[in-house]
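Written below as structure tokens is the structure these notes are about.
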Amino acid sequence: MCGIVGYVGSGDAVSVLVEGLARLEYRGYDSAGVAVQNGGGVETRKLAGRIAGLRELLARRPIHGHCGIGHTRWATHGAPTERNAHPHIDCAGTLALVHNGIIENADVLRKRLEQDGHRFGTETDTETLVHLIEESPGATLEERVIAALNHVEGTYGVAVVAEADPGKIVVARRGSPVLLGVGDGEYLVASDASAVLGHTRSVVYLNDGDVAVVTAEGYRVLDRDAREQERAVDDIEWDLDAIALGGYPHFMLKEICEQAETVRSTLRGRLLVAEGTARLNGLNLTAEQCAAIRRIVIVACGTSWHAGLVGRHVLEELVGIPVSVEYASEYRYRRQLQLPGTVTIAISQSGETADTLEALRAARAAGSTVLGLVNVVGSTIAREADGGIYLHAGPEIGVASTKAFTSQVVALLLLGLYLGRQRGLDAEQGRRLVSQLVRLPELVERALAVEPQVRALAERYADARNALYLGRGANFPVALEGALKLKEISYIHAEGYPAAEMKHGPIALIDENMPVVCLAPKDPVYTKVVSNMQEVKARGGRIIAITSEGNGDLSKLADHQVAVPASPPLIAPVLTVIPLQLLAYHIAVLRGCDVDRPRNLAKSVTVE
Ligand code: F6R
């Protein structure tokens, strides 16, 4: 959600900034800009629109220098216009700043600053910060930034350059990620590792509350009292290929198609065949701690929340302890009861989702052990959790989450296996599950073979105005996920429902124009789902059944059948979701939608 990049070194800052912004564009794409500090002060170029437009603007009106900052925006305060685009500058035009996050006391600050004579040119909360720095005391830019931040309530990742401090970028973070890229005679700052990868794989992840001073000679990390701090240099595990399209027309399709490999990667090194259990060293739970767990709470948002709902089935079945699954945004503002033996699991692809992070903090404050199921290595949730499981699914660039979902479910299966074996699941059951998981990447590969059939279905239903997705048991969350995928990238209104719940209201919507996607793999509730399909059929709905191979013929009931490989019920969601991802993708493409950058959305929601 919004991308920040900064560069200082001997190279041309603008080309590095624009290259970085292009890699960050999936995080926000309604406006963009850069500011470069050079002999003539601080110069900015910005516009409403995408990075391609910024490139053209810079070709027409170039700026040069060796130190600068850039931003790609997802609007929160103020419409996505050129004026509201970052970087923002102070009254004197000598300071430029880019910001991710929300300044919650912006209105109060703005009133006071205006009374003091500051002139505001935008509707953004961010501009208050640049005027605050302008009037803050201090001999250096970092002193002024620290002084200004003392007045700020809310969240920020910021990067600032100033005419008075040539060749220097000051960055700070609270609740919004910022990292430093450590190159050879050049340093970068960014909100996301993908922006620095063209230059270096060595990064320093800043902690909340850190302020860093970056010049061509090096960097210093300070706390809010300007005391110097030590921060480790980490290596980014992936390379530029992982964030390239690699011949696919869209990242979303690439990420759907690589799921056999990403599922394999989540499993790699974690299955102990002979023992019938999983190796999850990162959990940091002793056998005594595992035995003491009395309940599990899962907190997450969006697709990750759907994975959590599958996780409830997995964990209750394999571990035999109660699991509740909470919207992180709701959980964080409720009173947390101090129940001993609670383990809270935050599930997040990005590891930066603001609500999920705050829910994790609220759970910890209530005495819970907190674990993270996270994809992005070094992300805030990963670092703040007591332990966890990395998904190792590689960078997910498509705004609609796909491969993260399947890896999240696989990580939850591993967790269920591990905790289950600690708490009474017998070795034989464990070994059976291990052998099923070993085969899973191959089943995913086979499930992906339904693509031509799903593409044909997409042609048939691309003009639909509504769609209903029905499922039961572990496939009810898959229905929710299928509906979310369709609505967010094709803008067709879609609802996911527990199949039996449909007759308590939504059945009124069904007529011959309503496609109803029914999840009907072979599992203990299959016959129940078939009854629900009959109810749809009786009202003229068009049924697309997602079933499993060898599951009998549904052609008397369903208008279309798509069969994925048969699998045990707890594993089925990893397979049944694949046709739904493909259906949403192909419908969106046929409708001419911008699949990787759906309207109003952005990857990684770092505001609440
Ligand atoms: C939907 C989607 C979102 C995310 C949600 C949580 O396709 O991508 O619903 O799942 O914003 O994001 P993470 O998993 O990064 O916490």
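All heavy atoms count here, side chains included; hydrogens, waters and symmetry mates do not. The chain is numbered in sequence order, starting from 1. Atoms within a ligand are numbered from 1 in the order they appear, just like the ligands themselves. Quick caveat: nothing in here was measured; it's all calculated off a predicted structure.
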Check Glu352 against ligand 1 and report side chain, backbone, both or neither, counting heavy atoms closer than 4.0 Å.
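No part of Glu352 comes within reach of ligand 1.
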[atom]: the protein heavy-atom neighbour that sits closest, reported with distance to 0.1 Å:
| atom | answer |
| --- | --- |
| atom 16 (O) of ligand 1 | Thr353 OG1, 2.4 Å |
| atom 2 (C) of ligand 1 | Thr303 OG1, 3.8 Å |
| atom 11 (O) of ligand 1 | Val605 CG2, 4.0 Å |
| atom 7 (O) of ligand 1 | Glu488 OE2, 2.5 Å |
| atom 6 (C) of ligand 1 | Cys301 O, 3.3 Å |

NZ/NE/NH1/NH2 to OD/OE distance under 4.0 Å, Glu19 and Arg23
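Salt bridge flag = yes for Arg23 with Glu19.
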Ionic contact status for Asp594 with Arg599, cut-off 4.0 Å
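Judged by the 4.0 Å cut-off on N to carboxylate O distance, Arg599 and Asp594 do not form a salt bridge.
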From the options Gln259, Gln408, Glu396, Glu258, select the one residue that forms a side chain to side chain donor-acceptor pair (under 3.5 Å) with Lys403.
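It is Glu258; the other options fail the test.
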Do Thr402 and Gln581 have a side chain donor and acceptor closer than 3.5 Å?
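No.
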Heavy atom of Val399 under 4.0 Å from ligand 1?
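Contact check Val399 vs ligand 1: positive.
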Contact check, Lys485 vs ligand 1, heavy-atom distance below 4.0 Å
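Right, Lys485 reaches ligand 1.
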At a 4.0 Å threshold, what atoms of ligand 1 neighbour a non-hydrogen atom of [X]?
| X | answer |
| --- | --- |
| Ser304 | 10 (O), 13 (P), 14 (O) |
| Ser348 | 13 (P), 14 (O), 15 (O), 16 (O) |
| Ala400 | 7 (O) |

Mind checking whether Tyr461 and His586 have ring centres under 6.0 Å apart?
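No - the distance between ring centres of Tyr461 and His586 does not fall below the 6.0 Å cut-off.
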Under 6.0 Å between ring centres, would you say that holds for Phe405 and His306?
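That pair fails the under 6.0 Å test.
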Classify the angle between the aromatic ring planes of His71 and His86 as parallel (below 30°), tilted (30 to 60°) or perpendicular (above 60°).
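Ring orientation, 0 to 90° scale: parallel.
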Check: Gln349 N/O within less than 3.5 Å of ligand 1 N/O
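So ligand 1 has an N or O lying under 3.5 Å from an N or O of Gln349.
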Should Ser350 be counted as touching ligand 1, given the test is an N or O pair under 3.5 Å?
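So ligand 1 has an N or O lying under 3.5 Å from an N or O of Ser350.
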Output, in order, the C-alpha distance, side-chain angles, deciding distance and verdict of side-chain hydrogen bond (donor to acceptor under 3.5 Å, both in side chains) for Ser407 and Thr266.
CA-CA 6 Å; Ser407 282; Thr266 307; 2.8 Å; yes
side-chain contact (heavy atoms from CB on, under 4.5 Å) between Thr547 and Val562, intermediate numbers included:
CA-CA 6 Å; Thr547 181; Val562 178; over 6 Å; no
